[in-house]
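Protein chains get the first letters and strands the later ones, always in sequence-line order, with residue 1 at the start of each.
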There are 2 protein chains.
Amino acid sequence: MPYDRKHSSKECTGAMNSVKDALYVLSGKWKLPLILALSEGPMRFNEVQKALADITPKVLSKELRDLELNEFVERKVFDTVPVTVTYELTPYSQSVWPIIDALKEWGSQHRERIIKTRRTVSTTEKA
Amino acid sequence: MPYDRKHSSKECTGAMNSVKDALYVLSGKWKLPLILALSEGPMRFNEVQKALADITPKVLSKELRDLELNEFVERKVFDTVPVTVTYELTPYSQSVWPIIDALKEWGSQHRERIIKTRRTVSTTEKA
DNA sequence: CTGCATCCTATAGGATACTG
DNA sequence: CAGTATCCTATAGGATGCAG
């Protein structure tokens, strides 16, 4: 069976590692949607939660801390009563925009074609 | 920090759903790397396994079936002895290339900055 | 060679309740 | 308001062995 290799596997391995690395920080159910949500501007904890619709505080809290760690998000505490906390994107976070954009584009164009292999209901319809 | 990313929350919700949908099919540790690997041309099961380096047959098998379900990959069986099976990308799979590309680009540019929050070692170094 | 069966672990993610 | 604490489930992912 003769196949033809399109390019060297060396190149591919490098690319593979890059993709894996990116995936490492950005994959998961919430990271990218979270960044997308925050692109509207600084938001408070509750507002973010509302924007994400179905995320629980525990998970949201963890995700935000992860994003903070990787400097995508900055957390600001205002000494009011009661305390006010906002989350906003860092300039650095702009670097992931192409990814979100590609995902958004793809999702909007192929939504109908998607075959659900898991039972998790993602968005549009609930049952 | 002024960004230009402000837009109405309506738009944002739509975008969010698109992103979630895309993530639904494409997220996970292997889907995208797998597609990247197969971009070299048709490969046999063992070859794919080698290309992915550290994936087990069970997982590989499942991932390939998922990709097949969503028509990113076509499985071809050749009636030889022993049987030969190849996997290759469908034309449709090209639609996800922008995503892989964005990921690859981002990964290669920000690799050094990544903070590992989990102990899973993704690629470049083992410990 | 291809890849399923079985068993197992880790972790992502969630429900619910509660606190400074 | 902004989370944390606790408990829990599902799933991703892995190890090993075997079968067509």
Exercise. Measure the distance from CG on L52(B) to P on dG3(C) and round it to the nearest whole Å.
Key: 15 Å

Quiz item: Looking at dG3(D), dA2(D), dT2(C), which one has an atom nearest to any side-chain atom of S61(A)?
Solution: dG3(D)

Quiz item: Which residues pass the salt bridge (charged side-chain N to carboxylate O under 4.0 Å, His left out) test with E63(A), sequence neighbours left out?
Solution: K31(A)

Quiz item: Nearest to the side chain of K62(B), which nucleotide is it out of dG3(D), dT4(D), dA12(D)?
Solution: dA12(D)

Quiz item: Which part of the nucleic acid, if any, lies within contact of E47(A), taking any heavy atom under 4.0 Å across all strands shown: a base, the sugar-phosphate backbone alone, or nothing?
Solution: nothing

Quiz item: For the side chain of R65(B), counting heavy atoms from C-beta on, which of dG3(D), dC4(C), dG3(C) is nearest?
Solution: dC4(C)

Quiz item: Which is true for Y87(B) with a 4.0 Å heavy-atom rule: it touches a base, it touches only sugar-phosphate, or it touches nothing?
Solution: sugar-phosphate

Exercise. Could you state the atom-to-atom distance from CG of D66(A) to P of dT11(C) in whole Å?
Key: 13 Å

Quiz item: Does E88(B) have any salt bridge (charged side-chain N to carboxylate O under 4.0 Å, His left out) partners at least two apart in sequence or in another chain, and if so, which?
Solution: K76(B)

Practice problem: Kindly write out the residues that satisfy salt bridge (charged side-chain N to carboxylate O under 4.0 Å, His left out) with E68(A), not counting sequence neighbours, or none if the list is empty. | Solution: none

Could you pull out the protein-nucleic contacts involving nucleotides 14-20 of chain D (nitrogen or oxygen on both sides, under 3.5 Å)?
residue : atom : partner : partner atom : Å
dG14(D) : OP1  : K29(B)  : NZ           : 3.1
dG14(D) : O6   : K58(B)  : NZ           : 2.4

Self-check item: Gap between atoms CD and P, on E63(A) and dA2(D) respectively (whole Å)
Solution: 18 Å

Quiz item: For the residue pair H110(B) and Y92(A), does the interplanar ring angle fall in the parallel (under 30°), tilted (30 to 60°) or perpendicular (over 60°) class?
Solution: perpendicular

Quiz item: If you measure from CD on Q49(B) to OG on S61(B), what distance do you get to the nearest 0.5 Å?
Solution: 10.5 Å

Practice problem: Just jot down the salt bridge (charged side-chain N to carboxylate O under 4.0 Å, His left out) partners of R44(A), sequence neighbours excluded, or say none. | Solution: none

Quiz item: Can you tell me how far P of dT19(C) sits from CZ of F45(A), to the nearest Å?
Solution: 18 Å

Quiz item: Expressed in angstrom and rounded to an integer, what is the separation of L26(A) atom CG from dA12(C) atom P?
Solution: 14 Å

Self-check item: Atom pair distance, as rounded to whole Å: OH in Y24(A) and C1' in dA12(C)
Solution: 13 Å

Self-check item: M43(B) CE - dC1(C) C1' separation (whole Å)
Solution: 15 Å

Quiz prompt | Length of the line joining L64(A):CG and dG13(C):P, which is rounded to integer Å | solution = 13 Å

Quiz item: Is Q49(B) touching bases, backbone alone, or none of the nucleic acid, heavy atoms closer than 4.0 Å?
Solution: nothing

Practice problem: Look at the side chain of R44(A) and decide which nucleotide, out of dG13(C), dT2(C), dC1(D), has an atom nearest to it. | Solution: dC1(D)

Practice problem: Give the angle between the helix axes at the two ends of the helix from dC1(C)-dG20(D) to dG20(C)-dC1(D), taking five base pairs at each end and rounding to 10°. | Solution: 50°

